[in-house]
There are 2 protein chains.
Amino acid sequence: MRLTAHERRAKIAEQVQERGSVRLTELLDTFRVTDTSIRRDLQILESAGRLQRIHGGAVASGRALTPNSFNAKTRERPAEKERIGAGAAALVRSGESILLDSGTTVLQVASHLPKVVNGSSLTTVVTSSLAVVRELEYWSSLHLILLGGIVLTEFQATVGPQTIANLRRIQVDKAFIGCDGLGVSHGLTTPHMLIAEVGRVMTEVARQVIVVADSSKLGRVGFTPIVPLTGIHTLVTDTNAPPELVQEIRAAGIEVILV
Amino acid sequence: MRLTAHERRAKIAEQVQERGSVRLTELLDTFRVTDTSIRRDLQILESAGRLQRIHGGAVASGRALTPNSFNAKTRERPAEKERIGAGAAALVRSGESILLDSGTTVLQVASHLPKVVNGSSLTTVVTSSLAVVRELEYWSSLHLILLGGIVLTEFQATVGPQTIANLRRIQVDKAFIGCDGLGVSHGLTTPHMLIAEVGRVMTEVARQVIVVADSSKLGRVGFTPIVPLTGIHTLVTDTNAPPELVQEIRAAGIEVILV
DNA sequence: ATGATATAATACAAAACGTAACATTTTTGG
DNA sequence: CCAAAAATGTTACGTTTTGTATTATATCAT
C-alpha cells in the first residue's frame, strides 16, 4: 500500500524532529518512491520551516551549521582594510575615549590602535563587537567596555534596546563606524536594521565620527540607512576610490583621508 | 554506515567545543575517511569560525594560546564541574528564560543545556560571561543576550554599572550563580567585588536562584559577600560534600541536589 | 643545525548528489 | 465518467564531495 504525499511528508517531518537528521537514501528505501519525489518533499518541508536540507538529506531546523559571514568578510580586500585600519587608528590621541562598531574594517582599527601609550594616560574603548573584545582583551592598560544586548553571531555584534540604552549613557571623543554602502544622496547604509540603529546612536554620542570603508563601498547603496552624510565628519578609504566620488564627498563637507 | 559531510562536520565542531581540541589522526580513525576530507572539514569549520586549526588538528576558537586564570580554573575538578553542570542544566524547562553568571562551573551549565527543543518553544539565555557566549553562540534557536559593561579578561566577564543597569530591566525564571565560598554564616562569597555585585543583582531579578558549586567551596569563605544564604533557593553540588554541612544548609531552607 | 618523519597544501579525476525541464501517472471534484 | 490538478517519474546536465597522487612545509630526535 502506497502512502499519500501528505502522509509521507508528515512521516519525514516527524522522523527528522525525532532523530535530528535523515538520509535521502534511507527515505528512499522506506517509502519506495523515486529520489525526485523525496527531494520535492524535503523542498516543501524546508520552505514550510519544518527542516533544513543538507547535501545527502536533511536536519532538524536550527541544527545546520551556517557559514559565518563575519569571517568571510574579514578575508575580503584584506590589504585595503588593514591600510584603512592603520590610517584610522593613527587619528586616536593618547587619553581619548573611542567607540568601535561591529564591522570587519573597524576590527582592523582595533588591531592597529597605538599600543605604546606615551605618558601615563590610557584610552577607553567602548564597542558592540565581540571580535573587538577578543582583539583587545589582553591589552591590560586599556579600559574595555562592551555594550550589552542581543548577540548576533553572524555579525559578532550586540544590538537592540540594551545596546542603545548603554550607548545613551556615554559620551566619547571619536566613533569609528563601518558601513556597507556610502554615497552623497543615500548617506551610510548597512544590511541589518538593528546594526544600523546602533551605528546611528554611536554617531550621536561621539564628538567626531570617522567612517572606515574600502573603496568598493563608495557609491553603493545597502539595505537600510544608518545616517545621512551630514552625520559624519571624516572618511578613511583606500586610494582606489574614484576621484570624482571623493571630490563629491569632500564637497559635502567631509574630510576624506586616502591611504 | 557512513555519515554525510555535514553530519561529520557537525560532530567535529561539537567534539572540539566539548573537549577543547582534537587531533587529526583521531578524527581520521573515528570517521574512516581520508585525511584530505578531514582537512577540508577543518578548513570549512575554521572559516565558519567554529574552531582554529593547528598543526596536527584543531582547537576551540578563543581557547587557543590564551593561558589565563579562567582557563586554568576550568581545569580544576573538571569531573565534578561537569556533573554539577549537567545536573543543574536538567532543571531548565523548555521555554524558560535563564540567567548565567561568569563562573567556570556555570559555563558547564551552559554546555549541558538541553539542546533538543521539543515543540516550538525556546529558551532565552542572559549572561555576563564571554565564555558562555562563545559556548552558545552557534545554537541558533536560542535568544542569547549579553549584559554589557567593563570587560574583566581574567574572569571572562562583564561587570559594573552598565551590567547592573541591564540586569535591572529584566526578569527571569532561573538564575545560575557560581561562587568561591558558601557557608551558613557567611552566605555566598567571591574574590571580586564587581562580580559579587553582578551576582547579587542576578539573585534579585530571578524567580529561582540556583547555586552551582563543587564540594570544595562548601564551608569556605571568600573575599567579599554576594548574598546571604537566604537569598538562594537551590544548591547543586557533588557527592563529596561533607554530610554535616549539607544538613546544615538544608536546615537553612535550601534545596540541596547532590550529583 | 640536519635529516627523518609527520603533517599540510594543491591539483585533478571519479563518484555521489542535486536541479530543472518535461513526460507520465494518479487523484480529485463536478 | 472526464477534465483539471496534483503527484510522480525520466532524462540530461550541473555541483558537491571524496579519493589519489604529488609536492611543500613543519616538527622532532639526534
Side-chain angles (χ1 to χ4, degrees), chain A residues 1-16 19-69 71-72 74-76 78-79 154, chain B residues 1-16 19-61 63-67 138:
Chain A
M1 171 65 193
R2 189 115 161 221
L3 296 165
T4 67
H6 190 270
E7 285 174 313
R8 193 181 56 229
R9 281 164 207 158
K11 277 185 195 292
I12 292 172
E14 192 185 339
Q15 200 173 340
V16 170
R19 303 209 337 230
S21 70
V22 280
R23 195 71 43 78
L24 192 119
T25 54
E26 142 194 35
L27 293 172
L28 223 134
D29 215 54
T30 57
F31 294 112
R32 296 270 161 219
V33 289
T34 53
D35 60 326
T36 322
S37 292
I38 298 289
R39 282 181 215 289
R40 265 187 284 248
D41 291 341
L42 295 181
Q43 210 171 343
I44 288 163
L45 289 166
E46 182 173 46
S47 63
R50 302 285 309 260
L51 50 77
Q52 257 173 287
R53 296 185 67 184
I54 56 166
H55 199 93
V59 295
S61 39
R63 285 221 195 170
L65 3 119
T66 50
N68 180 333
S69 59
N71 283 52
T74 311
R75 274 185 271 278
E76 286 170 16
E154 67 163 326
Chain B
M1 172 121 180
R2 189 117 162 220
L3 296 165
T4 66
H6 185 276
E7 285 174 313
R8 193 181 54 232
R9 281 163 207 160
K11 277 184 194 293
I12 293 172
E14 193 184 337
Q15 200 173 341
V16 171
R19 304 211 335 233
S21 69
V22 280
R23 292 193 51 75
L24 191 123
T25 52
E26 140 193 39
L27 293 172
L28 224 134
D29 214 53
T30 56
F31 294 112
R32 296 267 162 223
V33 289
T34 54
D35 60 325
T36 322
S37 291
I38 298 289
R39 281 181 218 290
R40 265 186 286 245
D41 292 342
L42 295 181
Q43 203 176 339
I44 288 165
L45 290 167
E46 182 173 47
S47 66
R50 308 274 312 230
L51 50 77
Q52 253 175 279
R53 294 186 69 184
I54 54 169
H55 196 91
V59 295
S61 47
R63 274 183 244 184
L65 278 175
T66 52
Y138 290 106

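- Scanning all heavy atoms of the two residues, the minimum distance from A:S61 to A:G49 falls at OG-O, 3.5 Å.
- Between A:R23 and C:dA16 there is no side-chain N or O to OP1 or OP2 distance below 4.0 Å.
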Could you list, one pair per line, each protein nitrogen or oxygen that sits under 3.5 Å from a nitrogen or oxygen of nucleotides 23-29 of chain C, together with the distance?
none

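- Of the listed nucleotides (D:dA7, C:dG18, D:dA26), D:dA26 has the atom at the smallest distance from the side chain of B:H55.
- Of the inter-residue distances, the one linking B:L3 atom CG with B:K11 atom NZ reads 6.0 Å to the nearest 0.5 angstrom.
- Residue A:L28 is out of contact with every strand shown, counting any heavy-atom pair closer than 4.0 Å.
- Rounded to whole Å, atom P of C:dT7 lies 12 Å from atom CD of B:E26.
- For the pair B:R39 and C:dT10, the criterion of a side-chain N or O lying under 4.0 Å from OP1 or OP2 is not met.
- Distance CG (B:L27) to P (D:dT18): 14 Å, rounded to an integer number of Å.
- Enclosure of atom CZ in A:R50 is not indicated, since only 12 or fewer non-hydrogen atoms of other residues, nucleotides or ligands lie within 6.0 angstrom.
- One can place CD of A:Q43 at 13 Å from P of D:dA7, the figure rounded to the nearest angstrom.
- In this structure, CZ on A:R40 lies 8.5 Å from CD1 on A:I44, to the nearest 0.5 angstrom.
- Set against C:dC17, D:dT8, C:dG18, the side chain of A:R53 has C:dG18 as its closest nucleotide.
- In this structure, the CG atom of B:D41 is 16 Å from the P atom of D:dT16, given to the nearest Å.
- Between the C1' atom of D:dT18 and the CG atom of B:L3 lies a distance of 14 Å, rounded to the nearest Å.
- Within the structure, a side-chain polar atom (N or O) of B:R9 is placed less than 4.0 Å from OP1 or OP2 of D:dT17.
- A:I12 contributes atom CD1, which lies 4.5 Å from atom CG of A:D41 (distance to the nearest 0.5 angstrom).
- Atoms OG1 and CZ, on B:T4 and A:R23 in that order, are 5.5 Å from each other to the nearest 0.5 Å.
- Put simply, CD1 on B:I38 is 13 Å from C1' on D:dT17, counting in whole angstrom units.
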Atom pairs, N/O to N/O, protein against nucleotides 19-22 of chain D, distance under 3.5 Å?
{"residue": "D:dG19", "atom": "OP1", "partner": "B:R2", "partner atom": "NH2", "Å": "2.6"}
{"residue": "D:dG19", "atom": "OP2", "partner": "B:T34", "partner atom": "N", "Å": "3.1"}
{"residue": "D:dG19", "atom": "OP2", "partner": "B:T34", "partner atom": "OG1", "Å": "3.0"}
{"residue": "D:dG19", "atom": "OP2", "partner": "B:S37", "partner atom": "OG", "Å": "3.0"}
{"residue": "D:dG19", "atom": "N7", "partner": "B:R40", "partner atom": "NH2", "Å": "2.9"}
{"residue": "D:dG19", "atom": "O6", "partner": "B:R40", "partner atom": "NH1", "Å": "3.3"}

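- Residue A:Q43 holds its CD atom at 11.5 Å from CG of A:L51, rounded to the nearest 0.5 Å.
- Summarising the geometry, the separation between CG on B:L24 and P on D:dA26 is reported as 17 Å, rounded to the nearest angstrom.
- With B:H6 contributing its side chain and A:A58 its backbone, the two residues share no donor-acceptor pair below 3.5 Å.
- If you take CD1 of A:I44 and C1' of C:dG18, they are 16 Å apart, rounded to a whole angstrom.
- Heavy-atom neighbours of B:R32 CZ from other residues, nucleotides or ligands within 6.0 Å: at or below the threshold of 12.
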